[in-house]
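Working notes, structure below.
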Amino acid sequence: MQPNHLEAINVKLPLEESGGLYTVTVREGCWTAIEHQEGMIASSEHLPIHELSFAELKATPLLDLEGKVMLPGFVDAHMHLDKSYSLPWVRNRSGTLLEAIENYRAASPAFTKEMIRDRIVKAARNSASFGSAVLRSHLDVPVHMGRDMAMRTIEAALEAREMVSGIVDIQYFPMYFYDPAYERELGEFAAETLQMGIDGVGGAPHLSPQPETNIAWAFKLAQRFDKPIDLHTDESDNPDAKTIDIYCDYVQAGGYGGRATAGHLCSLSAMEHREAERLIGKMADSGVAAVTLPVVNLYLQGRGDRGNVRRGVTRVRELAEAGVIVAAASDNIQDPFHPFGRGDLLQVGLMTAYAAHLAKEEDMVTVLRMLTTNPASVTGVRRYGIAPGNPASFVVLDAASEEELFQELPSSRWVYNKSKWTFASLLNRYGVEADQTISQI
Ligand SMILES: [Zn+2]
């Protein structure tokens, strides 16, 4: 049983505007005080966190962070947990989005529910060990290939969520692939899944034979079940891919501002600047949030280019400057859509800093917000952040500044969530101590 009271001194909180060091206090899993310090405090009662084993950490109520950075638990707003770690079964020779989709679809009938469930658990657990507290995952549900196969993924996802519920929260947004030939089957399937505990409506209208009908259908479904909507949007190098234009119209007409998210938005980068500005302004006016997935789009996009290869990453800076909420997220992990990644949002933050040219000293906090407060807003997480009254969900990282976080990508991390320490230091990479929920697997 971990003590229900926790106090840490000499804590660096990069998201607090006044800077400096803080003393922070948790009681019964909630923040009770965040107090600014006048310089470093010396205390023999508080134990240095890096000297403690995981067992000692869990029994220690008074900690000295010695100036280490603490952030609220990361929120990874766009993942594909069901596909993660499928690379050994599904390769991608061309490195294109289309081959990834085709090969994954071809391999899908052979995946059992248990295989999918275990992949989700592995990815969720690894993400949590790096400091993520909330994950939003899209799910592959190709109803046109067979209802049973699609439902298998839903059932695997719900089981996996239950198994990791002691360490991380997961939201699911199935990618309902609209094809008029299968409209009735898709509608019945979607309604059933939303009644089973699925959190929102996903999709990829730019890949549908009828993009606008797809968007209209998705909104009708979301409104019927009062769910948020999160669409893969214009993941293409083609500057004429503009489903975002239609998406914004439906958000405005349906009063969906603040509950609608657009992922990828690659074509925004490929198109002429004035047109991109118009669409970005429309997103800001409609209240559509943006999620950039730089690691995956750097891998998948620009495959037809030679020489000056397009990078496929959306206009992160322009979106943020226009007032659009921008989050950066993992997308795929070790699958045909992206052979690398490990569920570490700090790594994604570093790639965002490179890809979006956000590397000035003051940009570091902007990038950190794209991994924390912004995705919390995108995913509708309430009472988020290190502030009195909020649930204590945080990660301590072995770095003395926000810049050092991206310079060193510290592997030593201490993660607290759901009223307890869940992972600590190098233990996370070597699995010395597993959470009870996980050890039952
Ligand atoms: Zn995606």
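Both counts, for ligands and for their atoms, begin at 1 and track the order of listing. All values reported here derive from a predicted model rather than from experimental measurement.
Rounded to the nearest 0.5 angstrom, Trp414 CH2 and Leu57 CG are separated by 9.0 Å.
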Quiz item: Where do Asn126 and Tyr85 land on the side chain to side chain donor-acceptor pair (under 3.5 Å) test, with the steps shown first?
Solution: CA-CA 12 Å; Asn126 285 349; Tyr85 303 108; 2.9 Å; yes
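Between the side chains of His264 and Asp234, no donor N or O sits under 3.5 Å from an acceptor N or O.
Aromatic rings from His206 and His232 are positioned such that their centres are separated by 6.0 Å or more.
Rounding to the nearest 10°, we obtain 110° for the angle at the Zn ion (ligand 1) between His78 NE2 and His80 NE2.
The minimum distance between the Zn ion (ligand 1) and any N, O or S atom of Asp331 involves atom OD1.
With 2.8 Å as the limit, His138 does not count as an N, O or S neighbour of the Zn ion (ligand 1). Residue Glu235 does not count as close to the Zn ion (ligand 1), with no N, O or S atom under 2.8 Å.
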